[in-house]
Trainee: 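Below you will find the structure I want to go over with you.
In each ligand, atom 1 is the first atom listed, and ligand 1 is the first ligand listed. Because only heavy atoms are used, hydrogens play no part in the values below, and waters and symmetry mates are left out as well, while side chains stay in.
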Amino acid sequence: MDKGRRNFLKLAAAGAAAATFGIKPTLDVLAGGHDEIGAGSKNRWAMVIDLGKWNDNSTRVFEACHRIHNVPDLGNRKEEVKWIWTAEFEKAFPDQHHEFTYEGLKGRQVPVLCNHCDSPPCVRACPTQATFKRELDGIVMMDFHRCIGCRFCVAACPYGSRSFNFRDPRPFIKKVNKEFPTRTKGVVEKCNFCAERLAVGKQPACVEACTNNELIFGDLKDPNSEVRRILREKHTIRRKPSLGTKPCVFYVL
Ligand code: SF4
(Lines give C-alpha, C1' and ligand atoms only; values in the text may rest on other atoms or scores of the structure.)
Protein backbone atom coordinates (compact mmCIF):
# COMPACT_ATOMS: atom_id res chain seq x y z
CA MET A 1 0.00 0.00 0.00
CA ASP A 2 1.45 3.44 -0.89
CA LYS A 3 2.22 5.97 1.87
CA GLY A 4 -0.48 8.47 0.86
CA ARG A 5 -3.20 5.83 1.01
CA ARG A 6 -1.91 4.51 4.33
CA ASN A 7 -1.99 8.03 5.84
CA PHE A 8 -5.47 8.59 4.49
CA LEU A 9 -6.70 5.37 6.11
CA LYS A 10 -5.02 6.35 9.41
CA LEU A 11 -6.79 9.71 9.35
CA ALA A 12 -10.10 8.07 8.55
CA ALA A 13 -9.67 5.62 11.45
CA ALA A 14 -8.76 8.44 13.84
CA GLY A 15 -11.79 10.40 12.69
CA ALA A 16 -14.06 7.39 13.25
CA ALA A 17 -12.68 6.86 16.78
CA ALA A 18 -13.09 10.55 17.55
CA ALA A 19 -16.65 10.52 16.30
CA THR A 20 -17.48 7.41 18.32
CA PHE A 21 -16.44 9.01 21.59
CA GLY A 22 -17.28 12.60 20.78
CA ILE A 23 -13.63 13.74 20.78
CA LYS A 24 -13.11 16.77 18.58
CA PRO A 25 -10.35 16.03 16.09
CA THR A 26 -7.35 18.35 15.87
CA LEU A 27 -8.49 20.13 12.72
CA ASP A 28 -11.72 21.15 14.40
CA VAL A 29 -9.75 22.69 17.26
CA LEU A 30 -7.35 24.42 14.87
CA ALA A 31 -10.33 25.80 13.00
CA GLY A 32 -11.37 27.56 16.18
CA GLY A 33 -14.00 25.03 17.25
CA HIS A 34 -13.49 25.65 20.96
CA ASP A 35 -15.38 28.00 23.23
CA GLU A 36 -14.20 29.73 26.34
CA ILE A 37 -13.69 27.31 29.25
CA GLY A 38 -16.67 27.34 31.60
CA ALA A 39 -18.84 29.30 29.18
CA GLY A 40 -22.22 29.89 30.80
CA SER A 41 -21.29 28.70 34.30
CA LYS A 42 -20.83 30.81 37.41
CA ASN A 43 -17.65 29.14 38.64
CA ARG A 44 -15.13 26.89 36.97
CA TRP A 45 -12.91 24.89 39.28
CA ALA A 46 -9.41 24.14 38.07
CA MET A 47 -6.09 22.86 39.38
CA VAL A 48 -2.53 23.92 38.71
CA ILE A 49 0.24 21.37 39.34
CA ASP A 50 3.63 22.98 39.78
CA LEU A 51 6.18 20.36 38.74
CA GLY A 52 9.00 22.61 39.89
CA LYS A 53 7.72 22.14 43.43
CA TRP A 54 6.53 18.56 43.11
CA ASN A 55 8.56 16.08 45.11
CA ASP A 56 8.47 12.68 43.43
CA ASN A 57 7.89 11.06 46.81
CA SER A 58 4.74 13.04 47.56
CA THR A 59 2.74 9.87 48.27
CA ARG A 60 1.01 11.57 51.22
CA VAL A 61 -0.96 13.60 48.67
CA PHE A 62 -2.33 10.44 47.02
CA GLU A 63 -2.92 8.74 50.34
CA ALA A 64 -4.99 11.68 51.58
CA CYS A 65 -7.26 11.43 48.54
CA HIS A 66 -7.61 7.66 48.55
CA ARG A 67 -8.21 7.45 52.30
CA ILE A 68 -10.99 10.06 52.28
CA HIS A 69 -12.69 8.59 49.22
CA ASN A 70 -12.52 4.91 50.22
CA VAL A 71 -10.37 3.98 47.23
CA PRO A 72 -9.46 0.28 47.58
CA ASP A 73 -5.93 -1.06 47.35
CA LEU A 74 -6.21 -4.33 45.45
CA GLY A 75 -2.47 -4.81 45.29
CA ASN A 76 -2.24 -5.49 41.57
CA ARG A 77 -1.93 -3.20 38.55
CA LYS A 78 -4.51 -5.03 36.45
CA GLU A 79 -7.43 -4.31 38.75
CA GLU A 80 -6.03 -1.11 40.24
CA VAL A 81 -8.49 1.61 41.27
CA LYS A 82 -7.00 5.11 41.41
CA TRP A 83 -8.13 8.71 41.63
CA ILE A 84 -4.73 10.42 41.56
CA TRP A 85 -1.43 8.76 40.72
CA THR A 86 1.78 9.31 38.77
CA ALA A 87 2.70 8.64 35.16
CA GLU A 88 5.92 9.10 33.24
CA PHE A 89 6.16 12.56 31.69
CA GLU A 90 6.42 11.06 28.19
CA LYS A 91 3.23 9.04 28.71
CA ALA A 92 1.31 11.87 30.35
CA PHE A 93 2.37 14.36 27.67
CA PRO A 94 2.97 12.34 24.50
CA ASP A 95 2.81 15.48 22.35
CA GLN A 96 5.12 17.56 24.52
CA HIS A 97 8.42 15.67 24.47
CA HIS A 98 11.09 15.14 21.85
CA GLU A 99 14.59 13.69 21.72
CA PHE A 100 16.08 16.84 23.28
CA THR A 101 13.55 17.20 26.10
CA TYR A 102 14.91 18.82 29.25
CA GLU A 103 16.71 16.12 31.28
CA GLY A 104 14.78 17.07 34.40
CA LEU A 105 11.55 15.94 32.74
CA LYS A 106 12.73 12.80 30.96
CA GLY A 107 11.22 9.77 32.66
CA ARG A 108 9.93 11.93 35.49
CA GLN A 109 6.89 10.71 37.39
CA VAL A 110 4.26 13.44 37.28
CA PRO A 111 0.92 13.49 39.11
CA VAL A 112 -2.17 12.85 36.99
CA LEU A 113 -5.88 12.72 37.71
CA CYS A 114 -9.20 13.37 36.01
CA ASN A 115 -8.83 16.66 34.13
CA HIS A 116 -12.47 17.65 34.63
CA CYS A 117 -12.49 18.47 30.95
CA ASP A 118 -14.71 21.31 29.86
CA SER A 119 -15.70 19.24 26.82
CA PRO A 120 -15.64 15.74 28.34
CA PRO A 121 -15.98 12.80 25.93
CA CYS A 122 -16.70 10.48 28.88
CA VAL A 123 -19.94 12.35 29.56
CA ARG A 124 -21.04 12.08 25.94
CA ALA A 125 -20.28 8.35 25.94
CA CYS A 126 -22.34 7.51 29.05
CA PRO A 127 -25.75 6.02 28.11
CA THR A 128 -27.33 6.57 31.55
CA GLN A 129 -26.02 10.03 32.55
CA ALA A 130 -24.23 8.33 35.43
CA THR A 131 -21.38 10.67 34.62
CA PHE A 132 -22.22 14.29 34.01
CA LYS A 133 -20.72 17.78 34.09
CA ARG A 134 -22.14 20.12 36.69
CA GLU A 135 -23.47 23.29 35.10
CA LEU A 136 -22.70 25.27 38.23
CA ASP A 137 -18.94 24.76 38.32
CA GLY A 138 -17.92 22.31 35.58
CA ILE A 139 -16.93 19.39 37.83
CA VAL A 140 -17.33 16.05 36.03
CA MET A 141 -19.17 13.86 38.53
CA MET A 142 -20.14 10.21 38.89
CA ASP A 143 -23.51 9.02 40.16
CA PHE A 144 -22.43 5.57 41.31
CA HIS A 145 -26.03 4.34 41.52
CA ARG A 146 -26.73 5.10 37.89
CA CYS A 147 -23.58 3.41 36.59
CA ILE A 148 -24.40 0.16 34.73
CA GLY A 149 -20.73 -0.80 34.27
CA CYS A 150 -20.72 -0.62 30.47
CA ARG A 151 -17.30 1.12 30.60
CA PHE A 152 -18.03 3.31 27.56
CA CYS A 153 -16.71 6.23 29.63
CA VAL A 154 -13.49 4.33 30.38
CA ALA A 155 -12.94 3.78 26.66
CA ALA A 156 -13.87 7.39 25.85
CA CYS A 157 -11.48 9.03 28.31
CA PRO A 158 -8.20 9.69 26.49
CA TYR A 159 -6.34 10.11 29.79
CA GLY A 160 -7.03 6.77 31.51
CA SER A 161 -8.61 8.70 34.37
CA ARG A 162 -11.35 6.20 35.15
CA SER A 163 -11.15 2.95 37.08
CA PHE A 164 -13.54 0.02 36.96
CA ASN A 165 -14.28 -2.12 39.99
CA PHE A 166 -13.76 -5.63 38.68
CA ARG A 167 -14.60 -6.99 42.13
CA ASP A 168 -16.22 -5.82 45.35
CA PRO A 169 -13.82 -3.09 46.54
CA ARG A 170 -14.99 -3.00 50.17
CA PRO A 171 -12.72 -5.75 51.58
CA PHE A 172 -9.74 -3.84 50.12
CA ILE A 173 -10.36 -0.54 51.88
CA LYS A 174 -7.99 -0.18 54.85
CA LYS A 175 -10.34 1.92 56.98
CA VAL A 176 -13.75 2.94 55.65
CA ASN A 177 -14.58 6.65 55.83
CA LYS A 178 -18.29 6.60 56.68
CA GLU A 179 -18.71 10.15 55.38
CA PHE A 180 -18.15 9.05 51.78
CA PRO A 181 -19.92 6.25 49.87
CA THR A 182 -18.13 3.01 49.05
CA ARG A 183 -18.65 1.51 45.62
CA THR A 184 -19.66 -1.94 44.42
CA LYS A 185 -18.41 -4.42 41.85
CA GLY A 186 -19.17 -3.28 38.29
CA VAL A 187 -19.06 0.47 39.00
CA VAL A 188 -16.70 3.05 37.47
CA GLU A 189 -15.08 5.69 39.66
CA LYS A 190 -12.66 8.62 39.41
CA CYS A 191 -11.57 11.90 41.02
CA ASN A 192 -14.45 14.26 41.80
CA PHE A 193 -12.31 17.35 42.61
CA CYS A 194 -13.51 16.75 46.20
CA ALA A 195 -16.97 18.13 45.42
CA GLU A 196 -18.13 17.02 48.88
CA ARG A 197 -15.38 19.08 50.54
CA LEU A 198 -15.88 22.13 48.30
CA ALA A 199 -19.54 22.09 49.38
CA VAL A 200 -18.47 22.82 52.96
CA GLY A 201 -15.81 25.35 52.05
CA LYS A 202 -12.77 23.04 52.17
CA GLN A 203 -9.99 22.60 49.64
CA PRO A 204 -9.58 19.23 47.88
CA ALA A 205 -7.84 16.68 50.13
CA CYS A 206 -4.79 16.40 47.84
CA VAL A 207 -4.30 20.16 47.87
CA GLU A 208 -4.65 20.29 51.65
CA ALA A 209 -2.04 17.52 52.01
CA CYS A 210 0.57 19.55 50.08
CA THR A 211 3.40 21.06 52.07
CA ASN A 212 4.95 23.14 49.30
CA ASN A 213 1.98 24.51 47.32
CA GLU A 214 2.61 21.89 44.66
CA LEU A 215 -1.09 21.72 43.84
CA ILE A 216 -3.15 24.88 43.65
CA PHE A 217 -6.92 24.86 43.31
CA GLY A 218 -9.26 27.69 42.47
CA ASP A 219 -11.86 29.30 40.30
CA LEU A 220 -10.98 30.07 36.68
CA LYS A 221 -13.89 32.50 36.59
CA ASP A 222 -12.38 34.64 39.32
CA PRO A 223 -9.66 36.87 37.83
CA ASN A 224 -8.22 37.36 41.33
CA SER A 225 -7.92 33.65 42.15
CA GLU A 226 -4.53 32.06 42.70
CA VAL A 227 -4.96 29.76 39.69
CA ARG A 228 -5.66 32.73 37.44
CA ARG A 229 -2.63 34.56 38.84
CA ILE A 230 -0.39 31.57 38.05
CA LEU A 231 -1.87 31.13 34.59
CA ARG A 232 -1.23 34.83 33.92
CA GLU A 233 2.35 34.78 35.18
CA LYS A 234 3.70 31.36 34.22
CA HIS A 235 3.70 29.21 31.13
CA THR A 236 1.48 26.19 31.66
CA ILE A 237 0.61 23.14 29.59
CA ARG A 238 -2.30 20.72 29.55
CA ARG A 239 -2.52 17.07 28.60
CA LYS A 240 -3.29 16.25 24.95
CA PRO A 241 -4.74 19.68 24.10
CA SER A 242 -5.15 18.75 20.44
CA LEU A 243 -8.09 16.50 21.35
CA GLY A 244 -10.20 19.54 22.15
CA THR A 245 -11.34 18.18 25.54
CA LYS A 246 -10.19 21.38 27.29
CA PRO A 247 -8.66 19.93 30.48
CA CYS A 248 -8.97 22.05 33.61
CA VAL A 249 -5.76 20.70 35.13
CA PHE A 250 -2.74 22.82 34.18
CA TYR A 251 0.95 22.04 34.66
CA VAL A 252 3.79 24.46 35.36
CA LEU A 253 7.02 22.86 34.09
FE1 SF4 B 1 -13.76 12.56 31.49
FE2 SF4 B 1 -11.27 11.63 31.27
FE3 SF4 B 1 -11.76 14.26 30.93
FE4 SF4 B 1 -11.94 13.18 33.38
S5 SF4 B 1 -10.08 13.32 32.11
S6 SF4 B 1 -13.44 14.57 32.40
S7 SF4 B 1 -12.73 11.12 32.90
S8 SF4 B 1 -12.49 12.58 29.62
Side-chain angles (χ1 to χ4, degrees), residues 14 17-26 28-29 33-41 43-49 62 65-66 69 71 80-87 89 91-96 110-144 146-165 183 187-196 198 204-207 215 217 220 227 236-251:
T20 303
F21 295 124
I23 297 173
K24 285 184 182 175
T26 307
D28 185 24
V29 176
H34 53 265
D35 311 314
E36 173 205 344
I37 282 187
S41 66
N43 307 98
R44 200 4 169 153
W45 296 118
M47 184 178 286
V48 175
I49 299 179
F62 305 151
C65 164
H66 287 186
H69 296 113
V71 177
E80 192 178 26
V81 176
K82 52 198 191 312
W83 283 32
I84 179 168
W85 68 104
T86 57
F89 179 79
K91 291 204 175 115
F93 296 96
D95 43 8
Q96 296 281 349
V110 299
V112 289
L113 64 159
C114 169
N115 293 285
H116 293 275
C117 306
D118 207 50
S119 183
C122 57
V123 169
R124 290 192 288 276
C126 179
T128 63
Q129 281 100 53
T131 193
F132 57 95
K133 190 177 102 175
R134 293 206 306 201
E135 280 187 21
L136 172 75
D137 55 16
I139 295 182
V140 176
M141 296 287 290
M142 269 302 298
D143 180 340
F144 301 125
R146 290 184 77 109
C147 179
I148 56 170
C150 68
R151 286 180 277 166
F152 286 179
C153 61
V154 176
C157 172
Y159 306 99
S161 297
R162 292 175 166 264
S163 299
F164 181 69
N165 283 288
R183 277 70 72 192
V187 167
V188 169
E189 58 183 271
K190 68 166 196 74
C191 157
N192 67 348
F193 259 1
C194 279
E196 79 286 0
L198 299 175
C206 57
V207 175
L215 311 184
F217 190 80
L220 279 180
V227 289
T236 50
I237 60 170
R238 292 185 287 175
R239 297 183 63 196
K240 304 182 183 177
S242 60
L243 296 179
T245 56
K246 295 189 273 180
C248 284
V249 175
F250 299 82
Y251 292 78

Trainee: Identify, with sequence neighbours excluded, every residue that meets salt bridge (Lys or Arg N to Asp or Glu O under 4.0 Å) alongside R151.
Mentor: none
Trainee: Everything protein-side that's N, O or S and under 2.8 Å from atom 4 (Fe) of ligand 1: list it, residue and atom.
Mentor: C114 SG
Trainee: Are any non-hydrogen side-chain atoms of C191 and I84 less than 4.5 angstrom apart?
Mentor: no
Trainee: Aromatic rings Y251 and F93: how do their planes relate, parallel, tilted or perpendicular, breaks at 30° and 60°?
Mentor: perpendicular
Trainee: Could you tell me which atoms of ligand 1, counted from 1 in the order shown, lie closer than 4.0 angstrom to a heavy atom of P121?
Mentor: 8 (S)
Trainee: Under the rule for ring-ring contact (aromatic ring centres under 6.0 Å, His included), what residues qualify as partners of F132, not counting sequence neighbours?
Mentor: none
Trainee: Just to verify, what does K133 make a salt bridge (Lys or Arg N to Asp or Glu O under 4.0 Å) with, not counting sequence neighbours?
Mentor: D118
Trainee: Just say parallel, tilted or perpendicular for the rings of W83 and H69, cut-offs at 30° and 60°.
Mentor: parallel
